[in-house]
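Below: the structure, in C-alpha cells.
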Amino acid sequence: MAGIRAAVFALCALPAVLLIVGLLQGTLGANPVERLLNGTGSWGLRFLIATLAMTPLRWATGARWVVRLRRQIGLWAFFYAAAHFSVFAVFEHGLGLAAIVSDIAQRPFILVGASALLLLLPLALTSTQGWIRRLGRNWKRLHWLIYPAAILGVVHFFWLIKADRWTEPLIYAGILAVLLGWRVVKRLG
Amino acid sequence: APLGDLPTSGFSTGEEKNTLEQITTYNNFYEFGTDKEDPMRLAPERLAHRPWTLTVSGEAEKTGEFAFDDFMKGLTLEERIYRLRCVEAWSMVIPWAGVPLAEVIRRANPNSRAKYVKFYTKHDPEVFPAQRARGMSFLASIDWPYTEGLRMDEAMNPLTLLATGLYGREMPSQNGAPIRLVVPWKYGFKSIKSVVRIHFQETEPECTWNQLAPREYGFYANVNPDVDHPRWSQARERRIGELFKQDTLMFNGYGEEVADLYAGMDLRKNF
C-alpha cells in the first residue's frame with residue numbers, strides 16, 4: 001500500500017512539477033501565466049473528479065484499497081485549486097485585495113469557481129484522522145460538500161469557454177454525471 | 001521572402017516590439033483550431049500563399065477578381081508598428097508591413113450606397129481543418145467563413161491597414177497570409193485574416209463573433225477599458241512577455257486619430 005501511495009503522490013505532483021520546470025526553462029509559450037492558470041485549474045478539476053471516482057471504483061472492482069487513496073487525491077485537488085486561485089490573485093491582480101474581491105463579485109464565473117474552492121477548504125482542513133474522529137458522523141455530512149464543489153468546478157469551466165472549445169468541459173460534465181448518477185441509482189436501488 | 005526596405009510610418013509606436021517568435025507562436029486563428037499553438041503548427045504547411053485571388057464586389061465601380069500580385073501592383077508597402085489588443089485581455093506590439101486600406105478603397109471607387117465594407121476569410125475545408133468539423137448544434141459554434149466589417153469612415157481612416165507582412169518579411173501563414181486587415185484601435189478579432197473578398201454594401205455587415213455572441217462582441221468592438229466583456233474586465237491587459245498586467249488605453253491609445261469617428265455615440269450601447 002505504501003508503494004501505491006508513493007506512486008500516486010508522484011503522479012499527482014507531476015503536473016505541478018512540469019509547470020514549474022516549464023516556467024523556469026521558459027517553455028510555457030508566449031503567455032506562461034495563461035498556461036499556469038489553465039493548467040492548475042484543469043488539474044484541480046481532474047483530481048476532484050478522480051476523488052469522486054474512487055468509491056464507484058471500489059463498487060466496480062471490489063478492491064477496498066482504492067478508497068484509501070481518496071484522501072490523498074482529494075488533497076491534491078485542493079492543492080491545484082488553491083494554486084489556480086493563487087495564480088489568479090498574483091498575476092491577474094498583483095495581490096490587490098480590492099481588485100480581487102470586486103472581480104469575484106462582478107463576474108459570476110469567477111464567483112462560481114471561488115465558491116468551489118471555498119467549499120473545498122473545510123474538507124482539506126478536516127481531512128486528518130484527528131478531525132475524522134472528532135467530527136464523527138458529522139464528518140461524512142461535511143464532506144458531502146465535495147459534490148456541489150465538483151459541480152461548481154465544471155460550471156466554472158463551461159462558463160469561461162469562448163466558442164467551439166466545448167469538448168473538454170463536456171467530457172468532465174459527462175464523467176461527473178456518471179459518477180453522481182451511479183450514487184443516486186445505488187441509493188435508490 | 002524579405003520585402004526590402006520599407007518606409008516607416010509616423011503612426012508607428014516607439015514601444016518595445018514583441019519578438020517574431022512571440023508574434024508567430026501565439027495566435028488566434030480558429031480555422032486551424034482553438035489552441036494558441038494550433039495555427040503555428042498547422043498553418044505553414046496547409047495555407048498556400050499563391051495562387052491567391054481577391055474579389056472586390058458590391059457597391060463600387062471597379063469590382064472583379066484579382067490575382068494577389070496584380071491586386072498589390074502600384075501600392076507601396078510601409079512599416080507600421082502598432083499595438084494589438086486582443087479581446088481576451090492580452091496585447092502585443094507588432095511591426096506590420098502593409099498599405100492603407102483607404103488606397104485600395106479609393107481605387108475600387110465605391111458609389112454613394114457603399115456605407116460599409118465587409119471582409120471574408122478564405123473558405124476551404126481542405127486548408128482549414130476547423131471548417132470541416134461540425135459543432136454540436138446545441139452549443140454555439142462558428143458559421144464559416146469568418147467575416148468582419150467596418151463602417152466606411154472607419155475603413156477610410158489612415159490607421160486602417162491591409163497588411164501583407166511583418167518584421168519586414170511576407171506575412172507568416174499563422175498571422176493571416178497573404179493579406180489581412182489590421183485595425184489597431186479595435187479588438188483583434190476585427191482584424192480579419194487571410195482575406196479573399198472585400199465587399200461594399202449599404203447595411204451593417206454580419207460579423208462572425210457578433211453573430212455568435214452579440215452580448216459579448218459588438219459590431220464596433222473598439223478597445224475600451226470602461227466597458228467590460230460580460231465575463232471579464234477590459235480595464236487591464238497583459239502585454240505578451242510580461243508577467244503582470246498594465247492599464248488598457250481608450251481606443252488602444254489611438255484616440256487622437258479615431259475618437260472623432262464616434263462623436264455623440266454611446267459607446268456602452270455601441271460596444
Side-chain angles (χ1 to χ4, degrees), chain A residues 19-20 22-24 26-39 41-42 86-96 98-114 154-174, chain B residues 18-28 30-38 40 86-92 129-131 133-144 146 189 208-209 211-213 216-217 228-233 235-246:
Chain A
L19 282 173
I20 292 165
L23 190 67
L24 296 177
T27 55
L28 291 187
N31 194 349
V33 173
E34 185 182 49
R35 284 278 192 86
L36 288 181
L37 196 62
N38 294 343
S42 292
S86 305
V87 173
F88 163 78
V90 172
F91 294 111
E92 298 295 301
H93 293 300
L95 280 178
I100 294 169
V101 170
S102 98
D103 206 10
I104 293 175
Q106 281 177 47
R107 286 168 236 294
F109 93 92
I110 301 179
L111 184 64
V112 164
V154 172
V155 170
H156 172 67
F157 192 14
F158 250 107
W159 213 326
L160 59 85
I161 298 303
K162 215 166 112 193
D164 282 22
R165 310 193 59 158
W166 306 106
T167 317
E168 202 182 341
L170 271 177
I171 290 170
Y172 296 155
Chain B
N18 280 95
T19 64
L20 183 64
E21 192 190 348
Q22 289 168 331
I23 295 168
T24 54
T25 59
Y26 191 78
N27 306 99
N28 277 328
Y30 276 19
E31 282 84 344
F32 290 108
T34 51
D35 282 340
K36 295 285 191 292
E37 281 91 9
D38 286 335
M40 70 155 173
C86 178
V87 75
E88 297 166 343
W90 55 265
S91 63
M92 292 194 195
Q131 291 181 345
R134 302 221 147 215
M136 267 161 285
S137 57
F138 66 100
L139 294 167
S141 65
I142 290 171
D143 194 11
W144 308 108
Y146 194 97
F189 67 86
T208 294
W209 280 102
Q211 278 192 307
L212 188 69
E216 304 197 349
Y217 310 99
D228 285 343
H229 185 280
R231 291 181 288 157
W232 59 84
S233 168
R236 294 168 69 72
E237 68 198 47
R238 177 173 296 112
R239 179 67 48 85
I240 293 302
E242 304 287 327
L243 287 180
F244 294 98
K245 291 191 160 181
Q246 60 190 64

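What you see is a predicted model, and the numbers here were worked out from it, not measured in a lab. Proteins come first, then strands; the chains are lettered A, B, ... in the order of their sequence lines, and each starts at number 1.
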Legend entry - 4.5 Å side-chain heavy-atom contact, D103(A) and W232(B):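 Contact flag for D103(A)/W232(B) side chains = no.
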Legend entry - Flag side-chain contact, heavy atom, 4.5 Å: D35(B) against R165(A):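 Side chain of D35(B) against side chain of R165(A), heavy atoms only: contact under 4.5 Å found.
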Region of [X] in contact with chain A, defined by heavy-atom distances below 4.5 Å:
| X | value |
| --- | --- |
| D228(B) | side chain |
| E216(B) | neither |
| N28(B) | side chain |

Legend entry - Residues E92(A), R238(B): salt bridge by 4.0 Å N-O rule: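 R238(B) and E92(A): salt-bridged.
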Inset, instruction - Locate the shortest heavy-atom distance separating N31(A) from W90(B); write the atom from each residue and the value. - result: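 For N31(A) and W90(B), the tightest heavy-atom pair comes out as ND2-CB, 4.4 Å.
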Inset, instruction - Name, in order of residue number, those residues of residues 19-26 of chain B that have a heavy atom at a distance of less than 4.5 Å from a heavy atom in chain A; otherwise write 'none'. - result: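 Against chain A, the residues of residues 19-26 of chain B that fall inside the cut-off (heavy atoms, under 4.5 Å) are Q22(B), T25(B), Y26(B).
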Legend entry - When R231(B), K36(B), M92(B), K245(B) are compared by non-hydrogen pairs under 4.5 Å with chain A, the top option: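 The answer is R231(B).
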Legend entry - Under 4.5 Å from any heavy atom of chain B - which part of F91(A):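 Contact with chain B is through both the backbone and side chain of F91(A).
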Legend entry - Worked check of side-chain contact (heavy atoms from CB on, under 4.5 Å) between Q106(A) and S233(B): CA-CA 9 Å; Q106(A) 281 177 47; S233(B) 168; over 6 Å; no
Legend entry - From L243(B) atom CG to L36(A) atom CG, the distance as rounded to the nearest 0.5 Å: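 Rounded to the nearest 0.5 Å, the CG-CG separation comes out at 9.0 Å.
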Inset, instruction - Could you pull out all residues at least two apart from A173(A) that satisfy side chain to side chain contact (heavy atoms under 4.5 Å, CB included)? - result: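 With neighbours one apart ignored, the set is V154(A), F158(A).
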